[in-house]
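For reference, the structure discussed in these notes is given below.
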Amino acid sequence: MTNITERYDIIIIGTGAGGGTLAHRLAPTGKKILVLERGDFLPREKANWNPQEVYQKHRYHTDEQWYDKEGKAFKPQTGYWVGGNTKLYGAALIRFRERDFEKVIHKGGISPEWPLKYSDFEPYYTQAEKLYDVHGKQGEDPTEPPRSEQYPHPPVSHEPDMQQLADGIRELGYYPFHLPLGLKLNESDRANSPCIRCDTFDGYPCLVHAKADADVNAIRPTREKYANFTLKTNAKVLRLHTSESGREITSVETEIAGERHWFSSDIVVVACGSINSAVLLLRSANDKHPNGLANSSDQVGRNFMKQLETAIVSIHLDVNRASFQKTIAVNDFYWGEPDFPYPMGMVQNTGNVLADMIPAEAPPLMAPFVKLVPHYELHLLAERSVGWWLQTEDLPDPNNRIRVVGDNIHIDYTLNNTEASDRLIHRWTSVLKSIPNSAKHVLPFSIYPRTHIPEQAVAHQCGSCRFGTDPKTSVLDLNCRTHDIDNLYVVDSSFFPSNSGANPTLTIMANALRVGELLAAELR
Ligand SMILES: Cc1cc2nc3c(=O)[nH]c(=O)nc-3n(C[C@H](O)[C@H](O)[C@H](O)COP(=O)(O)OP(=O)(O)OC[C@H]3O[C@@H](n4cnc5c(N)ncnc54)[C@H](O)[C@@H]3O)c2cc1C
């Protein structure tokens, strides 16, 4: 028998893009909200911007060990903080394309139709862009979906060397556009701008809190303003318990400072990120739900996706003087090209390549070189680099799944749709090689080492509890409520039926605002 420590109207587990945004949306209802977050506030310290600490020592990643499909242990590149993975994200906040919500034939299979369409998400994309300070420019990207409003902020400008590169790409007939980014930048008043356009952005926490993340933009302002909002940090939820009928969650078992607490509420929202949400449901198995909570369909944990990701570095003779390099994106190959009529994905800058990042991220082609050269040469290499990030949609496969074995988390994942990704790498490399020599960075003998992003990079994780109308093939209904348990919701990247080739987080935030509106009406 458990003693309920405290009772609330709603409990939200996790403070990332899903949970943090939902909490922000629901606080004005005046309902008693408890947010449980296993991490702490990420410390503000000089190490936030230290590439050695961040990229080589993984200072802000968990020490946990997970297991791949062969049972081999690996350290996941994920962090447990207030704000979740948005503390470290690159803040590229981009809408899915209209066709991403439809059934799409890929070279490697089928990306299924979503039960809701772009038009259902559009108003919430608009709200999410405002909440997360998105800077962008309409009319540059030929694949962009219709918008009801302009971007809330002007695009983040290209610095001169990046502008030259964008011009060179455009001269070839492509459409480079300003990457939509969530940050607090005022380019017309740089002296008072919170964002200083630094070279430590993508993958780094922001020391000056100028990145628009779920901690700074959602959780902190909510905590300051609303007395009905309670945040407990270092509060790891271990298990959800149900009533005898199995139809309601009756308590949320949580470990805080080594002690067990049981909280209860009318509504419980799981927002632990796609992997940990599935893990929590699976770990909470009981007599009524022997395969895990909300898992009568055997779909919890399945259809896990994370995109095919490749980093390419172009190295040139001239120094790249740009301080904040993550500004260019290209979608010309998003839906394929005439002789490859299948989606290939998106290209964007990675942000800066710094000397201390190279040993950690060294592409195979560079690895032997990196071992041999002293730091000074690495520095010369880094300052002549431009980083590119290529991402291609992976397709839902029931065998790509999250499992819990004993206490351990297993990620059974096999890459698919690889031909489309290979094609994108090949095409982008050929574009870089063809940029007219007038573009400062590109010389005929530029080299293009690349690395496939490995399994431990689970940044774009999604899809382990997909939403749908059929309880036999989906875990959540269209409101992200579990089909099996009346007061249980999952509001994070888990709900995606497919992944798209775009970055996932704006869609996670928009969905949290959509579900928040429904819950606010229900709680009234
Ligand atoms: C280096 C990096 C760069 C990225 N760049 C981009 C980008 O440019 N654009 C983009 O769109 N996306 C980017 N992403 C991905 C983005 O961060 C995620 O899509 C997003 O954070 C997912 O939101 P979420 O709410 O699903 O999960 P998360 O943000 O991971 O939040 C989950 C939260 O739940 C908490 N939690 C987990 N388990 C428990 C538990 N048992 N009890 C209590 N709390 C728990 C976690 O601590 C965390 O706070 C990037 C990610 C990384 C790591």
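Note that this is a predicted model, so its numbers are computed, not measured. As the structure lists them, so they are numbered: ligands from 1, and atoms in each ligand from 1.
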Please list, one pair per line, the donor and acceptor atoms closer than 3.5 Å that link side chains of residues 504-516 to other protein atoms, with sequence neighbours excluded.
{"residue": "Thr507", "atom": "OG1", "partner": "Tyr125", "partner atom": "OH", "Å": "2.7"}
{"residue": "Asn511", "atom": "OD1", "partner": "Arg514", "partner atom": "NE", "Å": "3.0"}
{"residue": "Asn511", "atom": "OD1", "partner": "Arg514", "partner atom": "NH2", "Å": "2.9"}
{"residue": "Arg514", "atom": "NH1", "partner": "Leu478", "partner atom": "O", "Å": "3.0"}
{"residue": "Arg514", "atom": "NH2", "partner": "Leu478", "partner atom": "O", "Å": "2.8"}

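- Geometrically, Lys137 does not engage Tyr151 in a cation-pi contact defined by less than 6.0 Å to the ring centre and at most 45° from the axis.
- A distance of 6.0 Å or more separates the ring centres of Trp49 and Phe201.
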Enumerate donor-acceptor pairs with a distance under 3.5 Å from any side-chain N or O in residues 17-26 to protein atoms, sequence neighbours excluded.
{"residue": "Thr21", "atom": "OG1", "partner": "Ala17", "partner atom": "O", "Å": "2.4"}
{"residue": "Thr21", "atom": "OG1", "partner": "Tyr132", "partner atom": "OH", "Å": "2.7"}

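- Relative to the six-membered ring of Tyr226, Arg223 misses at least one condition, a distance below 6.0 Å or an angle of at most 45° to the axis.
- Applying the salt bridge (charged side-chain N to carboxylate O under 4.0 Å, His left out) criterion to Glu517, with sequence neighbours excluded, gives no partner residue.
- Protein residues having a heavy atom under 4.0 Å from any atom of ligand 1 are Ile13, Gly14, Thr15, Gly16, Ala17, Gly18, Leu36, Glu37, Arg38, Tyr80, Trp81, Gly84, Asn85, Thr86, Leu88, Tyr89, Gly90, Ala91, Ala92, Gly203, Ala235, Lys236, Val237, Ala271, Cys272, Gly273, Asn276, Lys326, Ala459, His460, Asp492, Ser493, Asn503, Pro504, Thr505, Ile508, listed by chain and number.
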